[in-house]
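These values consider heavy atoms only, across backbone and side chains, with no hydrogens, waters or symmetry-generated copies.
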Amino acid sequence: MKTRVKIQAAGRKAFSLLECMIDIAAFFIAVFAILALVSSSLQNARYLQRPMVDPGMLASELSLTNQLVEATDSGDFGDVYPGSTWTSEITEVQTNKLFEVDYVVQRADGTRPEKMSILLFRPQSVAGSLDGATK
């Protein structure tokens, strides 16, 4: 009779199949959440390693001149940002020598190009298309 009591007591201490399945599900949910966090952190670290090309560098060169001419230009950044290229388009937007300069910077990694537009007032510039000049 004593052996029968011991077997029943030992059976009560074990986990049921349902409890084991719930524990395994909770474990995998935690593991997948941790993996998603690690993956996101690695992606952010890779993004921070890419050099950010600033179109403002190009605009600063135009601030040094007193004259603008309507034109389209392009180039690269040399050794500063290898593989990255830029294009600019200068157009006169008002007859009082107000020019709009549109920049497009294409990064070396092929991501979406960065665009920037600035307005510059340069009264000493030659006549533009709005002042009757021809291109």
Practice item. Evaluate the side-chain proximity of Leu120 to Leu98: yes if any heavy-atom separation is below 4.5 Å, no if none is. Key: no
Check your understanding: Quick one: does Glu114's side chain get under 4.5 Å of Tyr103's, heavy atoms only?
Key -> no
Verify the cluster assignment for [X] and [Y]: are they in a single hydrophobic cluster under the rule of side-chain heavy atoms below 4.5 Å apart?
| X | Y | result |
| --- | --- | --- |
| Ile34 | Val31 | no |
| Phe27 | Phe32 | yes |
| Ile118 | Leu68 | yes |
| Val80 | Val104 | no |

Exercise for review: Take Leu119 and Val93, measure what side chain to side chain contact (heavy atoms under 4.5 Å, CB included) needs, and give me the verdict at the end.
Suggested key: CA-CA 9 Å; Leu119 294 173; Val93 293; 4.1 Å; yes
Revision key, fill the gap. For Leu17, the other hydrophobic cluster members (4.5 Å side-chain criterion, sorted by chain and number) are Met21
Exercise for review: Check side-chain hydrogen bond (donor to acceptor under 3.5 Å, both in side chains) between Ser74 and all other residues, then give those that pass, not counting sequence neighbours.
Suggested key: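 Expected list: none.
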Look at the side chain of [X] and the backbone N and O of [Y], then say whether any donor-acceptor pair between them is shorter than 3.5 Å.
| X | Y | answer |
| --- | --- | --- |
| Glu19 | Ser16 | yes |
| Glu70 | Glu92 | yes |
| Ser41 | Leu37 | yes |

Point to revise | For Arg122 against Thr65, the heavy-atom pair lying closest together | key: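 That closest heavy-atom pairing would be NE-O, 3.0 Å.
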**Study point:** Heavy-atom pair of closest approach, residues Phe77 and Leu58
**Key:** CE2-CD2, 4.0 Å
Review point. Side chains of Asp102 and Ser117: do they bring a donor and an acceptor to under 3.5 Å?
Key: yes
Point to revise | Chi angles and distances behind the side chain to side chain contact (heavy atoms under 4.5 Å, CB included) call for Ser125, Phe99 | key: CA-CA 10 Å; Ser125 297; Phe99 291 88; 3.6 Å; yes
Point to revise | Separation between CZ of Arg107 and OH of Tyr81, rounded to the nearest 0.5 Å | key: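 With rounding to 0.5 Å, CZ (Arg107) is 10.0 Å from OH (Tyr81).
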Point to revise | Reported CG-to-CD distance for the pair Asp76 and Gln106, which is rounded to 0.5 angstrom | key: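 Separation between the atoms: 13.5 Å.
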**Study point:** Residues which pass salt bridge (charged side-chain N to carboxylate O under 4.0 Å, His left out) with Glu100, listed by chain and number, not counting sequence neighbours
**Key:**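 Applying salt bridge (charged side-chain N to carboxylate O under 4.0 Å, His left out) to Glu100 gives none.
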